[in-house]
Amino acid sequence: MSLAQVHHISAAPGDEEAAGRFTAVGPGVSAALLAELEPLIDYALPDGASHRPADAELRSLPQAFTYAALSDGSRVVGRTAPARGDGTAPVRFHTHAVHLPPGVPLPGDRLPVEAWRSPHWVSATPVGGGALSDPLGLLPPGHAPVREGLDDFAVSRGPWLAAVLADLRRASEEEAPAGGPVVLVERQSADVARWLGLAAVTLPRESVERLTFTTYTRRPRISALRVVGALPEDAAAAREAGLRVHVCADRPPVDGAPDAWARTAARVWRSRAPELFEEARGLPGDPFAAGPLAVIALCAGVALGPEERAAAAGWAAERPYALDAKRTGQLVEALTSPGIDDRTGSEFDAVGRLFGALDGRCPASVTAPLAAMLVTEAVRGGNGSLELPRRDAFVGPEGEAIAGVLAPEILTELESGAGGGRPVARTVQLLRVARLLGVNGTEVLPDVVDRLARTTLTEADGSEGTPAFAPALLELLDEQFDVRTALLGALDRIAPEDPGAVARFLERVALPFTGTQALPHLRMCAEVPGAMTTLGRDRTAVWHRVLRAAGLSPFAEPLVLRTGVGLVWEDRAPTVEEARLLLEAATSDAHRAAGTWARLVDAALGAPADTEDGTALAHDLLRAFPQEIGGRERAALQLLELCRDLRSGAPEPGWTEQVRTLRDRAAPLEPAVQERAFTALVERLLAPDRPGAELYAFVRSDDADLIAAYDRAARAEPTRARLRTHPAYAADCFTHWTAHPHAGTAWTTTAAALLDEVLRPAVRGMTAEAVAEVEETVGRTGSSGRANAFRDWNRSRALGRLGRRIAGRVRRG
């Protein structure tokens with residue numbers, strides 16, 4: 001069919017009154033379409049261009065090659081070029097366009113951009129009905145005219161290729177992206193057409209047909225097209241309008257395109273291999289996914305970056321059936337090339353998936369390079385996330401070769417003394433690769449596993465939830481029975497040292513220790529969470545249940561005592577009652593071997609001051625562990641034992657000085673122990689049958705802390721009640737509190753206060769007969785002078801009250 005053509009002449013530059021007009025319109029193009037078309041083909045001179053250009057200047061002005069979609073679904077392909085005008089208008093801008101009705105393709109099913117070099121575009125309206133040229137129907141056959149020189153152009157625009165192709169792809173989407181057109185800034189409008197030629201080759205046909213464009217405009221901001229060309233002087237305004245601007249006539253961009261497909265496409269163009277785009281479109285998958293194009297590029301020998309190689313491997317892993325044997329071999333060869341030195345973890349992961357997809361599907365000779373690459377990375381690159389090949393992937397000369405290279409490196413690292421700081425995942429990976437390659441590590445295994453056990457607990461304690469290394473570790477234990485046996489044994493040996501850490505680890509990682517190994521400590525650690533849930537706060541019951549889980553008696557294996565105590569009480573001391581039960585549950589020899597006697601000492605020294613069993617526990621501990629308990633703890637326990645003797649009434653002589661001496665040896669003494677000892681001492685000193693020598697030693701010590709304790713006990717209600725009801729006791733206290741007038745300051749001050757504030761109120765509340773008995777007892781046990789002293793002391797208080805009453809009456813009178 002014959003396509004309607006349209007000719008238009010734009011307004012002359014500088015002529016404010018002139019207007020553009022259509023000079024010829026073919027059939028079927030309505031006035032409404034012409035009104036819609038006119039702003040699309042409007043032409044404005046570049047800045048600085050002469051309104052009266054010479055011929056050379058006229059030829060250098062940009063041409064606007066346009067492809068636009070109109071509102072009725074029809075399309076227009078046209079070219080606007082400067083042309084010489086008449087005398088009143090030295091230059092005119094002539095548009096020659098072809099109208100394509102809805103659903104009508106270009107002649108020969110060509111793409112719009114292929115017409116930009118057509119020799120049949122005219123710069124003047126045909127006169128007198130002459131034959132119209134056909135710029136679309138008379139195109140040379142094939143794609144050579146439009147693709148001519150594109151390879152060189154692409155290479156020259158290498159730094160911009162990826163970013164521009166990424167934007168052109170987005171601009172060609174079914175729904176035009178918001179934000180206005182993509183702006184390509186070139187000094188020559190023909191270079192904008194070349195960019196569109198690159199897009200026509202690179203993008204699928206349906207995308208290219210949606211890509212409306214013009215190679216030149218002065219007003220990108222108001223353009224309804226998807227891609228526009230502009231000169232450098234208009235770039236700033238386009239950028240200020242928020243458009244995507246690529247200044248390809250300036251310095252190269254610093255940042256690359258984040259689009260892996262666009263980067264792959266750019267490498268294909270720089271390799272001058274545009275035919276690969278058509279091949280890639282023959283593969284299944286998203287046409288703009290990087291995988292298919294990257295696969296074809298790698299098979300053709302195009303060098304790609306790590307992300308693109310990873311995309312190729314990942315795509316092939318998902319569709320191993322999509323490639324024939326030849327391309328599969330080419331892809332494997334490209335991915336495993338020894339010249340590549342920028343591989344990343346994600347690339348290795350993708351290669352691992354590819355190996356898994358091809359293993360068993362392809363001959364071993366094809367997959368062996370992938371397997372060798374994976375294990376080499378596992379050893380040298382430290383990539384702990386790799387999915388390793390199966391052991392039989394290295395049967396034959398390929399396995400022997402790679403084992404010969406890597407075995408010394410594996411053994412050297414495993415033997416390294418720095419292994420204590422080696423991450424668990426790394427050690428696990430090395431052990432798995434060693435087995436995979438048949439490396440004999442029997443000699444180094446014990447040390448390696450001991451270090452691995454400790455590092456495992458450290459890393460697990462420093463993480464939340466299940467440790468990241470857990471899946472690989474469990475897989476290792478499932479694969480290698482000797483490693484599992486050695487590791488479980490090492491953890492069982494460590495458990496008595498830090499049972500809490502082992503228990504927390506077993507809660508997160510379900511180790512397989514259900515076999516024939518005894519592993520008493522591991523079994524205890526696994527039992528404790530359930531026991532605590534069931535038995536709650538009854539820690540003694542929990543301890544017995546955990547001890548039963550060991551399957552061994554503490555008499556046969558004393559260390560189960562340490563593990564059990566560490567699991568149940570962790571960093572806390574048992575109570576006195578719990579400690580006595582622990583002491584009775586096993587012999588002193590068992591506690592001595594397990595080291596748990598120290599926890600029992602802590603229980604005795606940490607008991608509250610009012611706990612009666614604490615002194616009895618101290619007595620038992622001193623006799624059960626005479627060689628083990630020493631230093632400060634021994635003195636503190638002896639002090640508690642002395643409290644027991646003071647309370648029983650049969651201490652050895654000199655107990656006042658013993659309390660002071662043991663207190664000093666036990667410094668820093670627990671406050672509760674000191675309170676208990678001081679209370680026992682002063683209560684004994686306040687007893688009616690106290691020895692005079694002990695009382696004398698106490699007073700002469702002038703020990704401020706002891707005297708303060710004495711003062712508190714003397715003021716307590718039991719002492720006050722005894723003073724009120726026992727005249728003999730009151731007499732004894734008066735004698736004692738007045739017998740040492742030249743003792744130290746602490747005692748004299750305290751004694752004076754007790755006489756005035758404790759004894760005097762007690763005597764004042766007595767009957768006359770009781771007071772007389774006090775006086776008589778003072779005289780009988782002391783002397784007549786002391787009896788006189790008591791009368792004076794008692795009278796002085798009464799006279800003092802009487803004198804104050806008389807003075808008050810005088811003042812009132």
With sequence neighbours left out, what residues match Ala238 under side-chain contact (heavy atoms from CB on, under 4.5 Å)? Val183, Pro220, Leu243, Val245
If you measure from CG on Leu293 to CG on Leu304, what distance do you get to the nearest 0.5 Å? 8.0 Å
Show me the side-chain donor-acceptor pairs of residues 325-334 shorter than 3.5 Å, one per line, residues at least two apart or across chains.
unit_1, atom_1, unit_2, atom_2, d
Arg327, NH2, Glu279, OE1, 2.7
Thr328, OG1, Asp324, O, 2.9

With the side chain counted from C-beta on, respond yes when Val155 and Arg272 share a heavy-atom pair under 4.5 Å apart, and no when they do not. yes
Gln5 CD to Asp134 CG distance, which is reported to the nearest 0.5 Å: 6.0 Å
So His7 and Thr23, side chain to side chain contact (heavy atoms under 4.5 Å, CB included) or not? Walk me through it. CA-CA 5 Å; His7 291 266; Thr23 56; 3.3 Å; yes
Sub-4.5 Å side-chain heavy-atom contact between Thr66 and Thr95: no
Give the minimum heavy-atom separation between Pro284 and Ala322, together with the two atoms involved. CG-CB, 4.0 Å
Is it true that Arg84 and Ser123 share a donor-acceptor pair across their side chains at a distance under 3.5 Å? no
Can you find a pair of side-chain heavy atoms, one from Pro82 and one from Leu58, that are under 4.5 Å apart? yes
To the nearest 0.5 Å, atom CD1 of Ile296 lies from atom OG1 of Thr264 at 12.0 Å
Tell me whether Tyr216 contacts the main-chain N or O of Ala190 through its side chain, where contact means a donor paired with an acceptor under 3.5 Å. no
Results of ring-ring contact (aromatic ring centres under 6.0 Å, His included) for Phe93 - residues two or more places apart only: Tyr43
Qualifying residues under salt bridge (charged side-chain N to carboxylate O under 4.0 Å, His left out), relative to Asp234, sequence neighbours excluded: Arg218
Where do Leu374 and Pro389 come nearest, in terms of heavy atoms and distance? CD1-CG, 4.2 Å
Ionic contact status for Glu377 with Arg343, cut-off 4.0 Å: no
Mind checking the SG-CG spacing from Cys248 to Asp191? Nearest 0.5 Å is all I need. 9.0 Å
Identify the two heavy atoms, one from Ala317 and one from Pro320, that lie closest to each other, and give their separation to 0.1 Å. O-CD, 3.4 Å
Stepwise, does the side chain to side chain contact (heavy atoms under 4.5 Å, CB included) test hold for Glu347 with Thr344? CA-CA 5 Å; Glu347 180 180 354; Thr344 62; 3.7 Å; yes
Are Leu196 and Phe65 side-chain neighbours, meaning at least one heavy-atom pair lies under 4.5 Å? no
Mind checking whether Phe288 and Leu203 have side chains closer than 4.5 Å, heavy atoms only? yes
Of all the heavy-atom pairs spanning Ala260 and Glu307, show the shortest one and how long it is. CB-OE2, 3.9 Å
Using a strict cut-off of less than 4.0 Å between a Lys/Arg side-chain nitrogen and an Asp/Glu carboxylate oxygen, indicate whether Arg309 and Asp342 qualify as a salt bridge. yes
Gln188 atom CD, over 12 foreign heavy atoms within 6.0 Å: no
Pair Phe277 + Trp269: ring centers closer than 6.0 Å: yes
Compare all side-chain heavy atoms of Leu61 with those of Pro46 and state whether any distance is below 4.5 angstrom. yes
Mind checking what makes side-chain contact (heavy atoms from CB on, under 4.5 Å) contact with Ala176, not counting sequence neighbours? Arg226
Return the orientation label for the Trp121 and His96 ring planes: parallel under 30°, perpendicular over 60°, tilted otherwise. perpendicular
Derivation of the side chain to side chain contact (heavy atoms under 4.5 Å, CB included) call for Leu184 and Phe213: CA-CA 10 Å; Leu184 303 178; Phe213 58 81; over 6 Å; no
What class does the angle between the rings of His8 and Phe22 fall in, given that below 30° is parallel, 30 to 60° is tilted and above 60° is perpendicular? perpendicular
Does the side chain of Trp195 pick up a donor-acceptor pair with the side chain of Glu186 at under 3.5 Å? yes
Atom of Thr202, atom of Arg281 and distance for their closest heavy-atom approach: O-NH1, 2.9 Å
Hey, could you give me the CG/CG distance between Leu231 and Asp47, rounded to the nearest 0.5 Å? 9.0 Å
Answer whether the closest heavy-atom distance between the side chains of Leu211 and Val113 falls below 4.5 Å. no
With Thr214 as reference, evaluate Leu40, Val228, Val192, Ile41 under the side chain to side chain contact (heavy atoms under 4.5 Å, CB included) test and give the passing residue. Val228
Within this structure, what is the CG-CG distance for the pair Leu3 and Leu106, rounded to the nearest 0.5 Å? 7.5 Å
Please list all pairs passing the salt bridge (charged side-chain N to carboxylate O under 4.0 Å, His left out) test where one or both residues lie in residues 195-207, with sequence neighbours left out. Asp109-Arg205, Arg205-Glu209
Passes side chain to side chain contact (heavy atoms under 4.5 Å, CB included), Arg75 versus Tyr67? Steps please. CA-CA 7 Å; Arg75 294 162 296 152; Tyr67 168 61; 3.0 Å; yes
Could you check whether any side-chain N or O of Ser189 sits under 3.5 Å from a backbone N or O of Gln63, counting only pairs where one atom can act as donor and the other as acceptor? yes
Val227 and Pro181 have their tightest heavy-atom pair at N-CB, 4.3 Å
Would you check if Leu161 and Leu198 make a side-chain contact, meaning some heavy-atom pair closer than 4.5 Å? yes
